[in-house]
Structure formats: C-alpha cells, structure tokens
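One structure is given here, and the rest of the page talks about it.
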Amino acid sequence: MWPLRNWNTHTPILLLAVLSIGLCHLTQAITITTTEYSLIKPVQEDVLISVGFECRGTPTIQWAFMSARGRRDIAVWQPGVYSNISEYYEDRLQTHTNGSITLSDLRLPDSGVYVVTVSDSTGSSKDATIILKVTEVLYEDLQYLSVFATVLGAMAGFLMISMWLLDKVYRRVKAWQQTRLPEHDATELQPL
Ligand SMILES: *[C@@H]1O[C@H](CO)[C@@H](O)[C@H](O)[C@H]1NC(C)=O
Ligand SMILES: *[C@@H]1O[C@H](CO)[C@@H](O)[C@H](O)[C@H]1NC(C)=O
C-alpha cells in the first residue's frame, strides 16, 4: 500500500521537476533565425545580412567570412557594450543590435560564406551561415537589355515592312498617274 501511495504523491512533483528542467533548457537555448540562406547582389551595392536571435543575458555576436582563400574575422560585438570591427571591413560595415550586419560597396571577393556565432555568458553558442554571391552585372540590367533588343528588333521589322509597303503604294500611285495623265491632258486640251 505505502509504495503505491508514495508513487502517487511523488509522481507529479517528479514530473514538474523534469518539466521545469526542460523549460529551463528551452529558455536558455540560443536560437538564431535567418530569413534567407543565400543572397545575390551586384558589385558596389549594399547588402543587409539579416539575422535575428534569442538569448538570455548579454550576447556576444561574432561574424566571420569564409571562402576558398580561408577564414577572416569580420566583427565581434556586444550590443550596447562594445563593437570590434576588423580593419578590412572598418569603413564599410555596420553592425545592428539584432545581430545583423550591413556590408556596403560590395566587391567580387566578398562572395563567400558568412558565419554568425551568438554566444551567451554561460559559454554556450550557436552558429548560422548565409551565402553571399556578388555578381558583376545587375540581373535587371540584363533584363532591360533583352527587352531593349526585342523592342529594337520589332521596330526594325516594322520599319522594313512600312518601307516595303510605302514603296508598293508609291509604285501603284505612279503607275495610276501615268495611266490617268494622258487622258486628263487630252480632255483639257480639247477645248483649246
Ligand atoms: C535587424 O535590424 C536591421 C536594422 O535595424 C533591420 O533592417 C533588419 O530587418 C533586422 N532584421 C531582423 C531579422 O529583424
Ligand atoms: C578587436 O579585434 C582585434 C583583431 O580582430 C583584436 O586584436 C583586438 O584585441 C580586439 N579588441 C577588442 C577590444 O576586443
């Protein structure tokens, strides 16, 4: 009888304890959300590499760049505490409190993988990666160019057809005038 009663009264407490430990783990965990996994931007434009995160306490946000040539630190900062931007990015990087960065005046070598690491005071951390591709030509420009070429082609075709038609009309009118004129002259000449 006793063991069963013990089990009955202790089970909810035990369950609660397990649940609260689980909840603690959940709230302590760092989450990083990214809106896009890859970005395509033309040279000289700016890009917002956007992330959001949840974390307890003051987070440390760290960005690094990885390409075939290796790894390079971009910036390390604690929102409202300090910000350390590496020399290479100094004049064209902006850090945001939500963990995002804005990189200005894009260059072709900026193509690569951007890794963000968010860590909290307990030492746990999480990473997220975003791929950036910097292109030489605006895709929109290419689209404009193809539309422009199509319009030009259509105009050339229209002009050729118009000229052909005009030529035909001209020949017809000329032929008609040539057949009409002598008669006309004759009728006018008669009274004289
Ligand atoms: C982060 O902050 C920047 C600048 O304030 C904003 O443009 C961007 O949308 C934000 N991103 C997210 C995921 O909240
Ligand atoms: C900032 O970063 C550089 C190298 O990236 C490092 O040498 C320097 O100690 C850092 N400064 C601070 C205040 O974290």
Side-chain angles (χ1 to χ4, degrees), residues 10-149:
H10 285 160
T11 310
I13 295 166
L14 202 76
L15 270 174
L16 256 175
V18 168
L19 252 174
S20 59
I21 289 168
L23 274 176
C24 264
H25 265 280
L26 269 179
T27 49
Q28 268 175 5
I30 302 164
T31 53
I32 303 180
T33 49
T34 49
T35 44
E36 280 152 314
Y37 294 110
S38 62
L39 298 159
I40 299 173
K41 286 278 170 179
V43 282
Q44 290 173 353
E45 291 252 316
D46 301 351
V47 65
L48 168 72
I49 308 180
S50 182
V51 296
F53 68 85
E54 270 173 58
C55 154
R56 281 181 106 189
T58 309
T60 304
I61 301 149
Q62 193 168 0
W63 280 90
F65 169 75
M66 281 196 272
S67 72
R69 278 181 226 130
R71 187 196 145 98
R72 182 162 59 210
D73 287 327
I74 298 173
V76 188
W77 78 96
Q78 284 193 324
V81 183
Y82 75 94
S83 174
N84 191 1
I85 299 170
S86 87
E87 223 175 289
Y88 184 81
Y89 294 98
E90 222 168 19
D91 47 350
R92 54 190 195 107
L93 188 91
Q94 230 185 314
T95 58
H96 305 289
T97 46
N98 63 9
S100 308
I101 52 172
T102 301
L103 191 57
S104 320
D105 188 22
L106 286 175
R107 299 153 192 183
L108 286 177
D110 288 329
S111 289
V113 181
Y114 289 77
V115 186
V116 59
T117 308
V118 177
S119 33
D120 63 13
S121 45
T122 68
S124 56
S125 67
K126 205 139 212 188
D127 304 298
T129 56
I130 293 149
I131 296 161
L132 175 69
K133 173 101 184 80
V134 182
T135 57
E136 215 149 355
V137 188
L138 253 170
Y139 280 129
E140 283 165 49
D141 277 357
L142 280 180
Q143 263 170 13
Y144 284 139
L145 217 69
S146 69
V147 168
F148 189 61

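The figures that follow rest on heavy atoms only: side chains count, while hydrogens, waters and symmetry mates do not.
- Looking at Tyr89 and Phe65, their side chains come closer than 4.5 Å, going by heavy atoms from C-beta outward.
- The structure places NZ of Lys133 at 8.0 Å from CD1 of Ile40, a figure rounded to the nearest 0.5 Å.
- Taking the side chain as every heavy atom from C-beta outward, Val51 and Ser100 approach each other to under 4.5 Å.
- Residues Ala75 and Thr95 approach most closely at CB-CG2, 4.3 Å, considering heavy atoms.
- Separating the CG atom in Leu39 from the OG atom in Ser111 is a distance of 11.0 Å, to the nearest 0.5 Å.
- Remark: Met66 CE to Ile131 CD1 distance equals 10.5 Å, nearest 0.5 Å.
- Side-chain atoms of Asp73 do not come within 3.5 Å of backbone N or O of Trp63 as any donor-acceptor pair.
- Of all heavy-atom pairs spanning Leu106 and Lys41, the tightest one is CD1-CB, 3.4 Å.
- In this structure, the side chains of Pro79 and Pro59 come closer than 4.5 Å at one or more pairs of heavy atoms.
- When atom types are taken as modelled, the side chain of Thr33 and the backbone of Gly52 share a donor-acceptor pair closer than 3.5 angstrom.
- With contacts defined as side-chain heavy-atom distances shorter than 4.5 Å, the pair Arg107/Val134 does not qualify.
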Would His96 and Thr102 satisfy side-chain contact (heavy atoms from CB on, under 4.5 Å), going step by step from the backbone distance to the final call? CA-CA 8 Å; His96 305 289; Thr102 301; 2.7 Å; yes

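- With sequence neighbours left out, the side chain to side chain donor-acceptor pair (under 3.5 Å) criterion links Gln78 to Thr60.
- Separating the CG atom in Asp105 from the CZ atom in Arg92 is a distance of 6.0 Å, to the nearest 0.5 Å.
- Residues Tyr37 and Thr34 come closest through the heavy atom pair CE2-OG1, 3.7 Å.
- With Ser125 contributing its side chain and Thr117 its backbone, the two residues share no donor-acceptor pair below 3.5 Å.
- Separating the CD1 atom in Ile74 from the OG atom in Ser86 is a distance of 7.5 Å, to the nearest 0.5 Å.
- Of all the heavy atoms in Ala128 and Ile32, the pair that sits closest is CB-CG2, 3.7 Å.
- Closest non-hydrogen pair, Ile61 versus Val118, comes out as CG1-CG2, 4.4 Å.
- Val116 has its side chain out of reach of Phe53: every pair of non-hydrogen atoms, C-beta onward, lies at least 4.5 Å apart.
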Go through Val43 and Leu108 one step at a time and tell me if the side-chain contact (heavy atoms from CB on, under 4.5 Å) criterion holds. CA-CA 6 Å; Val43 282; Leu108 286 177; 3.7 Å; yes

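- Distance check: Leu132 CG to Ser67 OG gives 11.5 Å after rounding to the nearest 0.5 Å.
- Between the Trp77 side chain and the Ile85 main chain, no donor and acceptor come within less than 3.5 Å of each other.
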